[in-house]
Amino acid sequence: MSTDFDVIVIGAGPGGEAAAARLIKGGLRVALAERELIGGECAYWACIPSKTLLRPPEARAEADGAAGLERPGLDWPGVRDYRDYMIRHLDDSGQVTGYRDKGATVLKDTARIIGRDPWRVQVGDRRLSAEHVVVATGSEAVRPPIAGLDQVEVWTNREATTLREIPGRVAMIGGSAVGVELGWFLARMGSRVTVIQRGPSLLDREEPRLGELVADRLTKDGIDVRVGRQADAARRDGDHTVLDLDDGTSVETDVVVLGTGRRPRTDGLGLADVGVETDARGALPVDDHCQAAEGLWAVGDVTGTALFTHVALYQARVAADTILGTTRRATYTAVPRVVFAQPEIAAVGLTGAQAREKGINVATSELDLAASLARPWTYETDPAGTLGLIADRDRRVLIGAWAIAPMAGEWIHQAALAIRAQLPIDTLLDTVAQFPTYSEAYLAAAERLDL
Ligand SMILES: Cc1cc2nc3c(=O)[nH]c(=O)nc-3n(C[C@H](O)[C@H](O)[C@H](O)COP(=O)(O)OP(=O)(O)OC[C@H]3O[C@@H](n4cnc5c(N)ncnc54)[C@H](O)[C@@H]3O)c2cc1C
Ligand SMILES: NC(=O)c1ccc[n+]([C@@H]2O[C@H](COP(=O)([O-])OP(=O)(O)OC[C@H]3O[C@@H](n4cnc5c(N)ncnc54)[C@H](O)[C@@H]3O)[C@@H](O)[C@H]2O)c1
């Protein structure tokens with residue numbers, strides 16, 4: 001049956017962009033529908049602005065830790081201007097032209113699926129048909145049901161990453177990746193920050209020990225960390241906001257920032273009308289090829305699988321290659337998870353508890369980097385850092401790793417590769433790392449595993 005396009009991609013965040021680019025390169029006729037900005041949440045209100053904002057205070061803290069260096073000044077307008085440049089001043093006209101030049105049809109409007117066999121999609125006032133549809137509509141910030149929250153100043157990631165001025169006081173609700181990164185950034189820029197985390201530890205999907213070390217570090221940096229707490233109510237009191245917590249205490253603040261998770265964007269997509277179910281969280285479940293139904297594919301946050309840009313990009317490669325005729329299966333055993341605080345916090349693979357739940361005979365080890373290596377001392381005058389390993393004792397392979405240390409977001413990838421390739425621990429024990437580097441930690445930590 002003839003269709004207007006081979007593929008219609010809905011949503012042009014990292015997932016949709018990567019899928020579209022690969023499909024265009026593969027010679028297919030592609031329509032790309034985006035209702036806001038090409039680049040999605042990541043490019044304008046998430047990864048790119050947050051990592052751009054975090055770098056200057058990180059560099060300054062690194063200078064503080066290097067012998068004989070004077071503390072560099074921190075110029076907020078300069079930081080802000082570079083952030084604005086990096087988020088393209090919220091202008092995607094260059095991206096629109098770029099995709100059109102590559103031969104794609106770009107439609108800047110909301111898309112809705114209106115039929116199948118073949119797939120039919122309404123984009124604004126246009127009706128399109130295609131053999132395949134790739135849903136890449138991402139996710140949006142969850143607003144917790146706190147009484148009075150709509151009466152006070154609340155920032156989601158969007159307002160927080162595009163901020164013009166640094167607030168005096170910040171109450172950060174949620175203590176995972178968003179809460180730790182933005183809380184640390186704002187504290188280093190001079191805000192008085194309280195992090196209110198409902199979960200039993202910070203970064204509560206990670207090893208609890210890592211959450212403990214992160215809480216110690218944030219507390220040392222002057223952040224008031226309240227773990228196991230949640231806000232019951234928010235109210236205005238004169239010119240400031242008060243959050244009443246469930247332990248009877250309260251927190252005064254100028255602004256409430258939300259880091260309370262994300263909800264997949266499937267509302268209004270028309271999925272139920274064409275017989276496609278979403279799960280209880282509103283995510284669009286997919287199989288190993290990132291297929292949700294015959295000819296219907298989904299990539300990125302909307303799938304509810306590990307909400308990271310690198311996962312969206314990976315799923316886009318899997319889906320696009322499969323559409324183009326090279327069948328691929330997605331594997332998520334070794335997806336790195338990095339929180340860009342200072343120092344960096346990184347993890348990959350399973351936690352000890354997740355491994356035990358799977359019935360794995362688990363061996364773990366923990367290494368104090370300053371007590372074991374030379375590199376932390378050549379790097380900074382008051383070194384700190386920890387690496388944890390999780391291994392399968394029966395198969396003698398690494399199944400998880402976590403670290404809090406300078407540049408951990410870079411060297412965690414050695415563990416990612418070892419886990420993905422199921423590298424024998426005996427090979428790890430026989431590798432040679434450059435002296436003096438943080439990478440030497442793997443040998444020292446592997447030698448401590450009780451295998
Ligand atoms: C503060 C913050 C920092 C982060 N930092 C990192 C990081 O450092 N590294 C990392 O890996 N991840 C990070 N993430 C997560 C990352 O932003 C997401 O995983 C990533 O953006 C997901 O990409 P996506 O393509 O699935 O969706 P999105 O980036 O959300 O893009 C989806 C696009 O679809 C469009 N859309 C939605 N519905 C429709 C429709 N019906 N019609 C047309 N268009 C539609 C939207 O307008 C949007 O542009 C961060 C998240 C936050 C909140
Ligand atoms: N560097 C990165 O890769 C990066 C950075 C930021 C965000 N992200 C991704 O974006 C997504 C969203 O991050 P996030 O941190 O907002 O969400 P999250 O789902 O990872 O964590 C939300 C946290 O908020 C807490 N929480 C929820 N409701 C609460 C309440 N009412 N009171 C107090 N605490 C509450 C939860 O216990 C949880 O720890 C994540 O999937 C994350 O992986 C990635």
Side-chain angles (χ1 to χ4, degrees), residues 9-19 32-51 53-54 92 107-113 121-124 135-146 149 156-158 160-161 172-182 195-206 211 226-232 243 245-246 257-270 298-313 315-316 335-341 344-346 409:
V9 178
I10 305 179
E17 276 207 83
L32 182 58
E34 168 55 56
R35 68 181 174 197
E36 289 190 271
L37 295 172
I38 293 188
E41 206 73 19
C42 175
Y44 305 96
W45 300 288
C47 331
I48 296 299
S50 62
K51 268 78 259 180
L53 290 170
L54 280 157
D92 69 347
L107 301 157
K108 291 295 298 288
D109 221 321
T110 299
R112 179 182 168 84
I113 300 171
V121 177
Q122 177 96 33
V123 189
V135 177
T137 49
S139 66
E140 61 202 10
V142 166
R143 289 178 78 92
I146 297 171
L149 202 61
T156 66
N157 63 294
R158 289 212 167 185
T161 54
M172 186 87 224
I173 304 187
S176 274
V178 168
V180 170
E181 285 184 352
L182 293 179
V195 173
I196 301 151
Q197 163 68 331
R198 181 175 65 187
S201 54
L202 292 181
L203 304 173
D204 51 359
R205 278 195 294 269
E206 301 298 349
R226 315 269 186 105
V227 168
R229 296 272 70 91
Q230 63 177 357
D232 283 339
L243 284 182
L245 306 194
D246 56 354
V257 181
L258 299 179
T260 43
R262 315 269 311 163
R263 179 183 303 108
R265 280 195 200 101
T266 47
D267 285 353
L269 256 183
V299 302
D301 284 9
V302 73
T303 66
T305 315
L307 276 52
F308 295 106
T309 287
H310 40 290
V311 170
L313 299 174
Q315 292 180 319
V335 172
R337 307 180 293 272
V338 177
V339 176
F340 293 82
E344 289 178 354
I345 302 153

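In this chain, numbering begins with 1 at the start of the sequence shown. As the structure lists them, so they are numbered: ligands from 1, and atoms in each ligand from 1. Because only heavy atoms are used, hydrogens play no part in the values below, and waters and symmetry mates are left out as well, while side chains stay in.
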Distance from atom 35 (C) of ligand 2 to nearest protein heavy atom, with residue and atom: R198 CB, 3.6 Å
Where is the nearest protein heavy atom to atom 29 (C) of ligand 2: which residue, which atom, and how far? T260 CG2, 3.6 Å
Of all the non-hydrogen atoms in the protein, which one sits nearest to atom 35 (C) of ligand 1, and at what distance? E34 OE1, 3.2 Å
Around atom 25 (O) of ligand 1, find the nearest protein heavy atom and jot down its residue, atom name and distance. G15 N, 2.9 Å
Atom 11 (O) of ligand 1 sits nearest the protein heavy atom T309 N, 2.8 Å
Ligand 1 to R262 polar contact by distance, N or O atoms, under 3.5 Å: no
For atom 52 (C) of ligand 1, state which one of P264, A46, A298 supplies the nearest heavy atom. A46
Residue, atom name and distance, where the atom is the protein heavy atom closest to atom 23 (O) of ligand 1: P14 CD, 3.4 Å
What is the closest protein heavy atom to atom 22 (C) of ligand 2, and at what distance does it sit? G259 O, 3.4 Å
How far is atom 21 (O) of ligand 2 from its nearest protein heavy atom, and which residue and atom name does that atom have? S176 CB, 3.1 Å
Atom 10 (O) of ligand 2 [closest protein heavy-atom partner, distance rounded to 0.1 Å]: L307 O, 4.0 Å
Can you pull out the closest protein heavy atom to atom 31 (O) of ligand 1? Residue, atom name and distance to 0.1 Å, please. G13 CA, 3.4 Å
Short N or O distance, G261 and ligand 2, threshold 3.5 Å exclusive: yes
With a 4.0 Å cut-off on heavy atoms, does K51 reach ligand 2? yes
Look at atom 42 (N) of ligand 1 and find which of G124, A177, A111 reaches it with the closest heavy atom. A111
Atom 6 (C) of ligand 1 has as its nearest protein heavy atom C47 SG, 3.4 Å
Can you report which non-hydrogen protein atom sits closest to atom 5 (C) of ligand 2, along with the distance? E181 OE1, 3.3 Å
Protein heavy-atom partner closest to atom 44 (N) of ligand 1 - residue, atom, separation in Å: R35 N, 3.3 Å
Among all the protein's non-hydrogen atoms, which is closest to atom 6 (C) of ligand 2, and how far away is it? A177 CB, 3.5 Å
In ligand 1, the atoms that come under 4.0 Å of a heavy atom of S50 are 3 (C)
Can you pull out the closest protein heavy atom to atom 18 (P) of ligand 2? Residue, atom name and distance to 0.1 Å, please. R205 NH2, 3.6 Å
Which residue and non-hydrogen atom of the protein lie closest to atom 15 (C) of ligand 1, and at what distance in Å? L307 O, 3.7 Å
Whether A231 lies under 4.0 Å from ligand 2, heavy atom: no
